[in-house]
Asks: 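There's a structure below that I have some questions on.
Naming: A, B, ... by sequence-line order, numbering from 1 per chain.
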There are 2 protein chains.
Amino acid sequence: MNVLSKCPLFKGINPEELNALLKDIHYQIKKYQKGQMIAMSGDKCNALMIMLKGSVKGEMMDPSGKSIKIEDIEPPKPLAIAFIFGEENTCPVNIVANNDVELFRLPKDSMIKLLQKSAIFLNNFMDIISNRAQFLSEKIRFLSFQTIRGKLAHYLLQIVGPVDGEVILPKSQEELATMFGVTRPSLGRAIRDMHNDGLIEAKGKSIRILDRKLLIQQLKKG
Amino acid sequence: MNVLSKCPLFKGINPEELNALLKDIHYQIKKYQKGQMIAMSGDKCNALMIMLKGSVKGEMMDPSGKSIKIEDIEPPKPLAIAFIFGEENTCPVNIVANNDVELFRLPKDSMIKLLQKSAIFLNNFMDIISNRAQFLSEKIRFLSFQTIRGKLAHYLLQIVGPVDGEVILPKSQEELATMFGVTRPSLGRAIRDMHNDGLIEAKGKSIRILDRKLLIQQLKKG
DNA sequence: TCGATTTTGTAACAATTGTTACAGCACATG
DNA sequence: CATGTGCTGTAACAATTGTTACAAAATCGA
């Protein structure tokens, strides 16, 4: 349970306290193999689930069946925590194991007990919920970029940060395209065009910003 | 305070109880005129704000300065409730008064007091937060439609519902376009094309579904 | 009712993205 | 080293959306 005490939900609760809290509470440890579907879009969110091991991806299927990758989640983070309560407490994404996965699972009513028992847990929960809302809100903003070039400019400025230099893209073009909600050849073209226009130097996964001003301008164009 | 007791945050709390709860708590009533900016994207969300009178709109500015209308909010609903806590408790949208507006404003620390005082309030808060997350999630899904026709099919099927017949669009094309994140002439073209293709009959704001099957197919195409 | 303002309808052209297909490259494995 | 797999680069064409501009229609307020 080392990982569990590192979960942001238990911040400020030391391991002894955590054990005491979990004493009268029914939880499970669940395991999944690579590729297994942990939760399907539309399934009920009836439990708190915290990553103990491995990695999962959250994907949203658009109406035509194409997937938009929302994020990868690793320990010690919780899954779909914002969707546990409410009139329609369904999971809005497919959650799939990227590799072998181990989850701490706490049914909803046990979780409610925890919320009532521990003000620290309650406060952490509310912080995390608002962080999730900010994340979703930021995703909306990103999807509102009108052009692939705009999305790319935004993404590159984010991963490169304020210091110029070469970075290695952490994802394949296919994965990035899925994240951007566009097709891979189109993303490749945008990279090529921006390389040819002198904004970046792109060699495979290696990217260097050549003209940060132009890149920021592209960002502002959306 | 009639409106306040109707707010979903106070569901299950009768007016006497509500008065008792608010007794030791510092709140304000704020007024705004049509067009006034109530909160700006990036402003701190340090208070619970509940609509008492009037109507406000939440808009997100995209990088190029174009606005995407997120929603209109009326009494007795709370504003930006999902963003009050967390590391980055900033408001992600501009909130502008559509007309004369009156708000109940409760500073964050007073709100925390309420959460600790009333389990009903706490439960209602968690329900509403999850409802907001579902709403944001649905917005992401909507923005992932690839075509304007797809967005329109989705929107029309939503407002018409399962019963065929003529509906009057509740918003101008310009407003709908803003909501869809597209331009007004392009939206008009999509409406015209779908009219010409026999999916709908469109006369100004009046829309009748002619071929629901084709419309659902269009929805599936994204 | 009239004038002002807003909304709708539309065309033509430009820009961007999607689709399909294939070749070449990089990396891992036997 | 050879082979298989996954990724990248790219072209050509099709489809969709944005932009600009203007006329007509609808709505609103005095």
Asks: Between A:R184 and A:Q146, just flag the one whose closest nucleotide in DNA chain C comes earlier from the 5' side.
Replies: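 Checking each residue's closest nucleotide, the 5'-ward one belongs to A:Q146.
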Asks: Can you see which heavy atom on B:S137 is nearest to which on A:P92, and at what distance?
Replies: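 Scanning both residues, the minimum pair turns out to be OG-CB, 3.0 Å.
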Asks: Quickly work out the B:I168 CD1 to D:dA26 P distance and round it to whole Å.
Replies: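 Interatomic distance, CD1 of B:I168 to P of D:dA26: 13 Å.
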Asks: Considering heavy-atom distances to DNA chain C, does A:P185 or A:R149 have its closest nucleotide positioned more toward the 5' end?
Replies: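 Result of the comparison: A:R149.
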Asks: As a test of understanding, state which of A:R192, A:Q218, A:R149 forms a side-chain hydrogen bond (donor to acceptor under 3.5 Å, both in side chains) with A:D197.
Replies: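 Filter result, single survivor: A:R149.
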Asks: Regarding A:I191, tell me which of base, sugar-phosphate or nothing describes its non-hydrogen contacts under 4.0 Å with the strands shown.
Replies: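 Answer is nothing: A:I191 stays at 4.0 Å or more from every strand.
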Asks: Taking C-beta and beyond as the side chain, do B:E138 and B:F135 meet within less than 4.5 Å on heavy atoms?
Replies: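 Counting from C-beta outward, B:E138 and B:F135 never come under 4.5 Å.
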Asks: With a 4.5 Å limit on heavy-atom distance, are the side chains of A:I50 and A:F10 in contact?
Replies: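 Yes; the side chains approach each other to less than 4.5 Å.
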Asks: Just to be sure I understand the rule, does A:S186 reach a base, reach only the sugar-phosphate, or reach nothing, if contact means heavy atoms closer than 4.0 Å?
Replies: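 Counting heavy atoms under 4.0 Å across all strands, the contact made by A:S186 includes a base.
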Asks: Which heavy atom of A:L215 sits nearest a heavy atom of A:M194, and at what distance?
Replies: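 Distance-wise, the nearest heavy atoms are CD1-CE, 3.4 Å.
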Asks: Hey, is NZ on B:K171 packed in by over 12 heavy atoms from elsewhere, all under 6.0 Å?
Replies: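 Buried by this count: over 12 neighbours within 6.0 Å.
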Asks: Shoot me the first and last contacting nucleotide of DNA chain C against chain B, ordered 5' to 3', at under 4.0 angstrom to non-hydrogen atoms.
Replies: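 Range of nucleotides within reach of chain B: C:dT8 to C:dG18.
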Asks: B:F145 vs B:H154 aromatic rings, parallel, tilted or perpendicular, using cut-offs 30° and 60°?
Replies: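 Tilted.
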Asks: Applying a 4.0 Å non-hydrogen cut-off, can you work out what A:T147 is touching in the nucleic acid: base, sugar-phosphate, or nothing?
Replies: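 Sugar-phosphate, backbone atoms only, no base.
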Asks: Whole angstroms only, please: what is the CD-P distance between A:E174 and D:dG6?
Replies: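 A:E174 atom CD is separated from D:dG6 atom P by 12 Å.
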Asks: Check B:K6 with B:E74, please: is the shortest side-chain N to carboxylate O separation under 4.0 Å?
Replies: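 No, no charged N to carboxylate O under 4.0 Å.
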Asks: Please list residues of residues 195-213 of chain B whose heavy atoms come under 4.0 Å from any atom in DNA chain C, ordered by number; otherwise none.
Replies: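 B:G204, B:K205 - these, ordered by number, are the residues of the stretch whose heavy atoms sit under 4.0 Å from the strand.
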Asks: May I ask you to decide if A:E59's main-chain N or O and A:N94's side chain share a donor-acceptor pair within less than 3.5 Å?
Replies: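 Flag not set: sc A:N94 to bb A:E59 has no pair under 3.5 Å.
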Asks: Look at all strands and tell whether B:S172 reaches a base, only sugar-phosphate, or nothing, counting heavy atoms closer than 4.0 Å.
Replies: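 Answer is sugar-phosphate: B:S172 comes under 4.0 Å of backbone atoms only.
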